[in-house]
Amino acid sequence: MNEYIQQIIVILQELLDEHLQLIEYGNAKTSAITVNQVETLSYISSKEKKSLQRIMDLEQQRIFLIGKYMLDQKLTAHRSFKMEKLIQAVYQANEKQQLQAIWNELSAALKKLQDINEFNQQLVRMTLEHLHFTQDLLLGPTEEEATYHRAVQGMALNRNGRFNMKT
């Protein structure tokens, strides 16, 4: 097996592991959002940040190794070289098969992670809307100016909350 392809496969496996870890963090975030645990969300976010830094480092290594493989095989390397093109450029069937298999796993993990992140964003948006709605119900109308407002007889101050606006 070509040494660069072997190293690329190792890097792809590490990338897959990091993305699977991010999926676990995403699921934990979903649970933390639903029970409103802000400290847990903060802790998970710091873990995600470390994982993202590791992914960026692995991506740099992957790009470097692909460039070395292309030079070794005397192929022209483009700046935006995609994995599909690398898989096509590999001559050995077993190398090509291993690259394709791990690339498919990584692509599936990325799709799942994207779905979890979109769901978590919707949950956060719904939670914020609920908080604004509750605030509107509990506090009633707000005064536009807390001090120095002119009292107008016959007009009630209207609080323009998010849920009682006519727009």
Side-chain angles (χ1 to χ4, degrees), residues 1-136 162-163 165 167:
M1 179 178 273
N2 184 302
E3 72 176 280
Y4 297 121
I5 295 299
Q6 191 171 6
Q7 291 174 351
I8 291 170
I9 289 172
V10 169
I11 295 291
L12 288 175
Q13 183 61 50
E14 290 180 32
L15 279 169
L16 177 62
D17 293 342
E18 288 295 329
H19 282 87
L20 292 175
Q21 184 66 49
L22 282 176
I23 288 171
E24 287 182 27
Y25 291 151
N27 288 330
K29 268 179 135 176
T30 303
S31 299
I33 291 169
T34 55
V35 294
N36 202 19
Q37 292 179 332
V38 178
E39 293 86 19
T40 304
L41 278 174
S42 177
Y43 177 74
I44 293 169
S45 293
S46 69
K47 291 283 191 181
E48 281 180 331
K49 189 176 179 180
K50 290 178 185 174
S51 199
L52 289 174
Q53 182 60 46
R54 176 81 177 128
I55 287 172
M56 288 182 359
D57 293 343
L58 289 170
E59 279 293 321
Q60 291 291 327
Q61 291 177 11
R62 184 183 66 88
I63 291 169
F64 177 74
L65 289 171
I66 288 173
K68 286 192 129 199
Y69 176 77
M70 299 305 275
L71 286 174
D72 186 52
Q73 299 296 312
K74 297 181 176 49
L75 298 170
T76 56
H78 301 282
R79 285 190 129 232
S80 62
F81 197 79
K82 294 188 174 191
M83 280 301 297
E84 289 86 5
K85 288 188 178 182
L86 174 68
I87 292 169
Q88 288 176 352
V90 171
Y91 299 115
Q92 297 289 328
N94 65 338
E95 292 174 346
K96 189 177 280 208
Q97 214 170 24
Q98 285 182 348
L99 278 174
Q100 186 68 51
I102 198 156
W103 183 245
N104 289 341
E105 284 183 61
L106 185 58
S107 296
L110 285 169
K111 174 72 176 123
K112 187 173 183 177
L113 183 60
Q114 186 177 16
D115 291 344
I116 290 171
N117 282 338
E118 287 175 10
F119 181 70
N120 283 343
Q121 286 176 353
Q122 286 178 344
L123 274 178
V124 168
R125 196 172 308 121
M126 289 172 55
T127 301
L128 288 175
E129 287 178 1
H130 176 74
L131 287 174
H132 287 292
F133 178 74
T134 304
Q135 181 184 16
D136 286 349
R162 294 181 123 200
F163 294 96
M165 291 177 55
T167 54

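Just so it is clear, the structure is predicted and the values come from calculations on it, not from any experiment.
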Just so I know, are the side chains of [X] and [Y] near enough to count as touching, which here means a heavy-atom distance under 4.5 Å?
{"X": "Gln37", "Y": "Leu41", "result": "no"}
{"X": "Arg54", "Y": "Glu14", "result": "yes"}
{"X": "Tyr43", "Y": "Glu39", "result": "no"}
{"X": "Glu84", "Y": "Trp103", "result": "yes"}
{"X": "Gln53", "Y": "Lys50", "result": "no"}
{"X": "Arg62", "Y": "Met83", "result": "yes"}

Looking just at side-chain N and O atoms, do Asp57 and Gln61 make a donor-acceptor pair shorter than 3.5 Å?
no

Please round to the nearest 0.5 Å and tell me the distance separating atom [atom1] of [X] and atom [atom2] of [Y].
{"X": "Glu24", "Y": "Ile116", "atom1": "CD", "atom2": "CD1", "result": "10.0 Å"}
{"X": "Lys112", "Y": "His19", "atom1": "NZ", "atom2": "NE2", "result": "14.0 Å"}
{"X": "Ile23", "Y": "Asn117", "atom1": "CD1", "atom2": "CG", "result": "9.5 Å"}
{"X": "Ile102", "Y": "Ile8", "atom1": "CD1", "atom2": "CD1", "result": "11.5 Å"}
{"X": "Ile44", "Y": "Ser31", "atom1": "CD1", "atom2": "OG", "result": "8.0 Å"}
{"X": "Ile11", "Y": "Ile63", "atom1": "CD1", "atom2": "CD1", "result": "11.5 Å"}

Checking the side chain of [X] only, and the main-chain atoms of [Y] only, is there a donor and an acceptor separated by less than 3.5 Å?
{"X": "Asn104", "Y": "Gln100", "value": "yes"}
{"X": "Thr30", "Y": "Gly26", "value": "yes"}
{"X": "Thr134", "Y": "His130", "value": "yes"}

Which heavy-atom pair separates [X] from [Y] by the least distance, and what is that distance?
{"X": "Ser51", "Y": "Tyr25", "answer": "CB-CE1, 4.4 Å"}
{"X": "Leu58", "Y": "Leu15", "answer": "CB-CD2, 3.6 Å"}
{"X": "Asn2", "Y": "Glu95", "answer": "N-OE2, 2.6 Å"}
{"X": "Tyr91", "Y": "Tyr69", "answer": "N-OH, 4.3 Å"}
{"X": "Lys96", "Y": "Ile87", "answer": "CE-O, 3.1 Å"}

Run the numbers on Asp115 and Lys111 for salt bridge (charged side-chain N to carboxylate O under 4.0 Å, His left out), then give the verdict.
CA-CA 6 Å; Asp115 291 344; Lys111 174 72 176 123; 3.0 Å; yes

How far apart are the C-alpha atoms of Lys29 and Glu48, what are their side-chain angles, what is the distance that settles it, and do they pass the side-chain contact (heavy atoms from CB on, under 4.5 Å) test?
CA-CA 10 Å; Lys29 268 179 135 176; Glu48 281 180 331; 2.9 Å; yes

Verdict with reasoning, Asn94 to Gln98, per side-chain hydrogen bond (donor to acceptor under 3.5 Å, both in side chains):
CA-CA 6 Å; Asn94 65 338; Gln98 285 182 348; 6.0 Å; no

Given Gln135 and His132, is the side-chain contact (heavy atoms from CB on, under 4.5 Å) satisfied, shown in steps?
CA-CA 5 Å; Gln135 181 184 16; His132 287 292; 3.9 Å; yes

